[in-house]
Amino acid sequence: MYHTKKIMDYNFIEIEKKWQKYWSENKTFRADNNSDKPKYYVLDMFPYPSGSGLHVGHPLGYIASDIYARYKRLKGFNVLHPMGYDAYGLPAEQYAIQTGQHPLITTEKNIARYREQLDKIGFSFDWEREVRTCDPFYYKWTQWTFLQLFNSWYNKDTDKAEPVEKLIEEFEKNGNIKVSAVVSETINFSAEEWKAKNEKEQQEILMNYRLAYLADTMVNWCSALGTVLANDEVSEGFSVRGGHPVVRKTMKQWSLRITAYAEKLLKGLDEIDWSDSIKEIQRNWIGKSVGAMIKFAIKGHDGLFMEIFTTRPDTIFGVTYMTFAPEHDYVNKITTADKLEAVQKYINETKNRSERERIADVKRISGEFTGAYAINPFTKEEIPIWVGDYVLAGYGTGAVMAVPGHDGRDWAFATHFGLPIKEVISGGDISKEAYEPKEGKCVNSGFINDMTPLEAIQAVIRKTEEMGIGYGKVNYRLRDAIFSRQRYWGEPFPIYYKDGIPYPMNESELPLELPEVDAFLPTETGEPPLARAKNWRTKEGYPIETNTMPGFAGSSAYYYRYMDSKNPNELVSKKSNAYWENVDLYIGGAEHATGHLLYARFWNKFLFDLGLVCKDEPFKKLINQGMIQGVSTFVQLTFRNQNCTYLLPMNFKCNNPQILLREFRVPVDYVSFENGKYILTKQNLEKFRNMISEYKQVTEFTYAVIPTTEQIKDWFKEWNMQEDIPNSLHEGFVELGTMVEKMSKSKYNVVTPDDLVEKYGADTLRLYEMFLGPLEQHKPWDTKGIEGVFRFIRKLWKLYHDFDNKLCLSEEAPTKKELKVLHKTIKKVQEDIERFSFNTAVSTFMICVNELTELKCNKRAILKELPIILSPYAPHIAEELWNLLGNSGSITHVNFPPYNEEFLSEDNCTYAVSFNGKMRFTIDLPVDMPSSEVEKNVLEHEVAQKWLEGKNPKKVIVVPKKIVNVVI
RNA sequence: GCCCGGGUGGCGGAAUUGGUAGACGCGUUGGUCUCAAAAACCAAUAAGAGUAAUCUUGUGCGGGUUCGAUUCCCGCCCCGGGUACCA
């Protein structure tokens with residue numbers, strides 16, 4: 001009875017329902033586009049609404065961003081804190097293929113579930129600005145941006161994107177002689193030649209320039225998903241989503257010329273406040289290398305040059321062979337008749353090796369001599385030309401000069417085939433391994449002898465430029481982003497075909513809505529699902545593109561749409577953009593490092609070039625929340641007889657080889673925690689057995705029992721086992737083994753926020769998720785720890801209430817002690833929020849409530865401030881207490897109380913006194929006591945006398961208000 | 001292999017600029033209340049020695065700088081993430 005009453009004192013169910021209703025009815029969190037207040041934009045990576053809903057790991061980042069958003073409101077900012085859905089995606093479509101249910105229906109159902117879960121946690125989102133990528137009103141602007149990309153090219157002279165119209169004007173005036181652009185391939189032509197070309201030829205040339213272009217591209221083809229994938233969607237030869245095999249294949253695909261922005265994307269990293277690891281991942285992905293292009297003449301082929309890219313022109317005197325990628329055009333031209341057969345055979349072999357095999361066998365060295373020779377431009381030596389698959393066709397020129405003395409791969413290749421190795425940089429031992437550092441002196445190197453490698457690099461580049469055979473060049477590893485997918489559930493391209501040439505639709509025809517199809521599968525002829533749509537043609541009857549856009553299309557500029565989500569005329573109005581600028585704080589998972597976070601920066605820079613937005617980076621500060629891992633629990637199962645299997649603890653070992661023990665996962669819902677151990681009780685086993693069909697566990701589980709001691713004894717006897725019954729066996733329950741791993745449905749370790757909100761309330765959940773540890777760190781979820789936070793929040797409630805749960809406040813003036821507790825809390829909480837240290841802020845609240853409880857403080861003067869500083873973390877109880885204190889309306893927009901240093905200062909402070917660095921005792925002394933006095937007082941202390949043993953200290957260090965170190 | 005990040009009690013973690021290592025919470029142990037259990041409250045809780053006061057050791061390992069190092073430097077080990085022949 002008493003217990004029940006006590007629990008009901010803090011009635012979180014009613015309080016939370018009441019305030020969530022209030023916020024929604026009063027539109028408390030609506031952001032204003034016309035405000036005199038300074039702005040602050042806090043954004044979460046919008047979720048893909050999956051069918052399994054949210055688990056406790058998902059809201060972690062949302063809670064952190066919500067705390068920050070609420071804090072900024074208290075600090076007087078006009079805060080934009082929106083939420084939406086990345087609604088296009090493969091799972092809904094795969095589900096549609098299996099069940100025939102339209103992906104829109106699945107998606108809407110999932111969104112509704114997400115919304116319900118999110119609402120329960122009490123987020124301060126401005127839901128009026130919600131976006132969904134699959135909504136035509138939204139994807140109109142995705143399609144519109146695509147058209148801008150299609151109609152733009154990258155001008156290297158102005159270093160920005162410009163309209164294709166202007167390029168055409170230039171072609172008509174001067175051809176492309178004066179144009180410096182980022183292109184697929186360069187064919188020079190004059191104005192006359194341009195004008196002489198027909199429409200089709202002209203369009204083909206323009207396609208080389210467009211930032212969104214259609215071209216034959218080597219793509220990652222995933223036949224299981226029936227679509228191509230971007231590089232970031234493939235990992236080690238398998239699709240990231242689903243884990244299906246991926247092969248390399250040439251196909252005509254839409255691509256985005258992100259490579260034009262490689263340098264800007266790299267430079268921009270220096271100006272944004274992101275974690276070092278993400279910046280580093282992006283730097284590696286962009287992969288800038290500075291070097292030179294150098295042409296080597298090929299013996300016996302006048303006018304044919306082997307052009308290579310190298311970062312080490314200083315080692316050119318050490319070239320002992322050259323290598324072409326097997327796919328290189330020249331291989332067939334230069335291979336001598338006697339080598340032709342072997343080379344052809346080699347090329348065919350490498351072609352048939354899948355990407356997967358190539359990766360698996362990185363260490364296998366293979367190659368073939370072509371019989372041809374290149375001429376070293378400096379030494380005039382004849383150098384054998386090889387073909388080898390360690391040279392990639394897609395990087396640089398697809399050909400390398402090999403310097404085995406100073407490059408590890410070349411060294412391995414040369415050693416394998418017995419090719420010469422020559423030292424041209426001193427400092428290493430090239431008989432053992434390649435010496436790669438750019439340190440030492442050039443040797444055996446003609447005119448660059450005795451130079452340092454760095455000097456030599458410049459000298460060789462200059463010389464090749466004079467000789468007209470080379471120039472300095474920067475290369476990037478980054479590839480253009482393949483932008484088409486052969487799937488249904490994505491944005492249609494606003495492109496139609498006339499005589500096989502793609503043309504953009506008129507902007508007035510946007511949005512081009514996703515058509516209905518009879519099945520979500522490719523056609524019999526292998527065309528994408530949109531080819532099934534009836535009358536998928538323009539008004540004039542031209543066929544419309546049947547590919548759809550990839551997932552990152554809709555997520556690359558959504559943060560702009562939130563600024564002006566209802567605007568039917570523009571992506572974002574100049575005025576709204578000028579006010580909100582860009583995202584101040586962005587929180588999301590690190591898994592988007594090379595995908596979304598790179599594409600969004602690219603789109604943003606493009607929009608900036610066009611003058612559509614005012615900032616060239618989208619996200620000023622980025623925080624990647626760590627993964628919340630699940631604790632999986634295991635039990636061993638062993639066959640007893642036809643109707644019975646025994647459950648045994650994981651630490652049960654058995655030497656009898658006839659007894660087979662099999663490991664099984666026990667779903668987290670059936671696990672109890674007692675005496676510091678995870679266990680499965682008899683009662684829970686019963687429940688679990690009834691639900692067994694929901695889990696893909698073996699049928700033996702149906703007959704599983706926890707053996708009693710008697711049964712074990714019999715069993716041991718039966719099997720002639722001599723062992724004593726291990727003390728890990730118990731009556732009535734079985735101990736479980738544990739493992740921390742990713743939280744996922746298939747691992748049966750998913751904890752959902754809904755259950756916790758129901759049991760403890762949203763405020764407790766919010767506090768606990770933050771309390772778990774630093775936001776950016778991975779950490780295991782441990783449901784039992786939530787009790788501590790729940791105790792804290794009830795203790796807080798009790799500060800304001802008497803035994804009968806009546807508000808009970810004293811109007812007395814607060815003591816110095818009480819004021820100090822309050823103000824040090826305000827100070828620490830503010831500092832912690834500002835450095836995103838949410839876990840320590842929760843500790844601070846706990847300390848504060850512990851101390852006020854200790855002081856039996858129920859004074860209004862103190863307790864009236866507490867709800868404000870707590871409100872970002874636990875908004876519902878904060879609102880309730882705020883109103884109980886006699887305030888009306890929401891706590892959302894009040895002022896964060898400033899702390900007063902005056903209350904923090906003390907007359908005395910505690911010095912920690914150490915001898916030779918070891919702390920021995922503490923002593924309270926006046927704050928303003930001069931160092932010499934402190935020293936005197938310390939040395940006179942009786943404990944000090946003991947440690948000094950009558951000797952004089954060698955040295956005494958006094959750090960004012962902190963420590964004293966006595967050296968003896 | 002290369003590039004990042006990280007190793008602190010039984011567990012999650014704290015120590016913000018080199019200044020009392022282990023805050024706060026979980027768990028555990030003992031106690032109060034209760035017929036009993038739960039809840040609540042109180043106390044102890046890094047390890048080792050000691051009745052105790054107290055002492056010794058201690059932040060992955062080895063060394064260094066310093067009056068003083070979880071924090072800075074050098075070398076190594078382990079874990080997590082990224083990347084994979086990028087010339």
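Chain letters run A, B, ... following the sequence lines, proteins first and then strands; every chain starts at 1. The figures here come from the full heavy-atom set of this structure, side chains too, leaving out hydrogens, waters and symmetry mates.
Listed pair A:K779 / B:G12 fails the phosphate criterion, with no side-chain N or O lying under 4.0 Å from OP1 or OP2. Taking side-chain N and O atoms only, A:R791 has a distance below 4.0 Å to OP1 or OP2 of B:A40. Applying the 4.0 Å criterion to OP1 and OP2 of B:G13, one finds that A:Q777 has a side-chain N or O inside that range. At the phosphate of B:A84, neither OP1 nor OP2 sits under 4.0 Å from any side-chain N or O atom of A:N284. Between A:R794 and B:A40, a side-chain N or O to OP1/OP2 separation shorter than 4.0 Å is present. Within the 4.0 Å cut-off from OP1 or OP2 of B:G81, not a single side-chain nitrogen or oxygen of A:K742 is found. Applying the 4.0 Å criterion to OP1 and OP2 of B:G5, one finds that A:S275 has every side-chain N and O outside that range. Contact annotation: A:R477 does not reach the phosphate of B:C85 (side-chain N/O to OP1 or OP2, under 4.0 Å).
With C1' as the reference atom, B:U71 and B:A14 are 14 Å apart, rounded to whole Å. For the C1' atoms, the distance linking B:U70 with B:A21 amounts to 7 Å, nearest Å. A distance of about 9 Å separates the C1' atoms of B:A84 and B:G1, rounded to the whole Å. Taking atom P in both B:G75 and B:C2, one finds a spacing of 13 Å when rounded to whole Å. Rounded to the nearest Å, the gap between the C1' atom of B:G13 and that of B:G62 is 28 Å. Atom C1' of B:A49 sits at a distance of 39 Å from the matching atom of B:A39, rounded to the whole Å. Separation of the C1' atoms belonging to B:U65 and B:C73 is 7 Å when rounded to the nearest angstrom. Nucleotides B:G27 and B:G22 are separated by 16 Å at their C1' atoms, to the nearest Å.
Residue A:F771 places its side chain closer to B:G12 than to any other of B:U16, B:C55, B:G12. Comparing B:C55, B:C24, B:C3 by their closest approach to the side chain of A:N850 singles out B:C24. Here B:U83 is the nucleotide among B:U16, B:C24, B:U83 with the atom lying nearest to any side-chain atom of A:T594. Closest to the A:S289 side chain, of the nucleotides B:G82, B:U20, B:A87, is B:A87. Of the candidate nucleotides B:U54, B:C67, B:C24, B:C67 has the atom nearest to the side chain of A:K955. In the set B:A87, B:A23, B:C41, B:C41 carries the atom at the smallest distance from any side-chain atom of A:K795. Listed nucleotides: B:U20, B:A14, B:A87. Nearest to the side chain of A:T840: B:A14. In the set B:C24, B:U54, B:A87, B:C24 carries the atom at the smallest distance from any side-chain atom of A:M846. For A:A912, counting side-chain heavy atoms from C-beta on, the closest listed nucleotide (B:G27, B:G19, B:U20) is B:U20.
The base of B:U56 does not come close enough to the side chain of A:K918 for any donor and acceptor atom to sit less than 3.5 Å apart.
The distance from atom CD of A:E776 to atom P of B:G81 is 17 Å, rounded to the nearest whole Å.
Residues A:W386 and A:F417 bring their aromatic ring centres within 6.0 Å.
Ring geometry for A:W797 versus A:H801: interplanar angle under 30°, hence parallel rather than tilted (30 to 60°). Between A:F413 and A:Y390, the ring planes are tilted. Angles from 30° to 60° get that label.
Note on A:E851 versus A:K824: salt bridge recorded, some NZ/NE/NH1/NH2 to OD/OE distance being below 4.0 Å. A salt bridge links A:E263 with A:K288: the closest approach of a Lys/Arg side-chain nitrogen to an acidic carboxylate oxygen falls below 4.0 angstrom. A:D270 has a carboxylate O that lies under 4.0 Å from a charged side-chain N of A:R283, or vice versa, which qualifies the two as a salt bridge.
Applying the Watson-Crick and G-U wobble criteria (two distances, each under 3.5 Å), B:G48 pairs with B:C55. Using the Watson-Crick or G-U wobble rule with both distances under 3.5 Å, B:G1 pairs with B:U83.
Remark: A:Y911 pairs with no residue by the ring pair (Phe, Tyr, Trp, His ring centres under 6.0 Å) rule, at least two apart or across chains.
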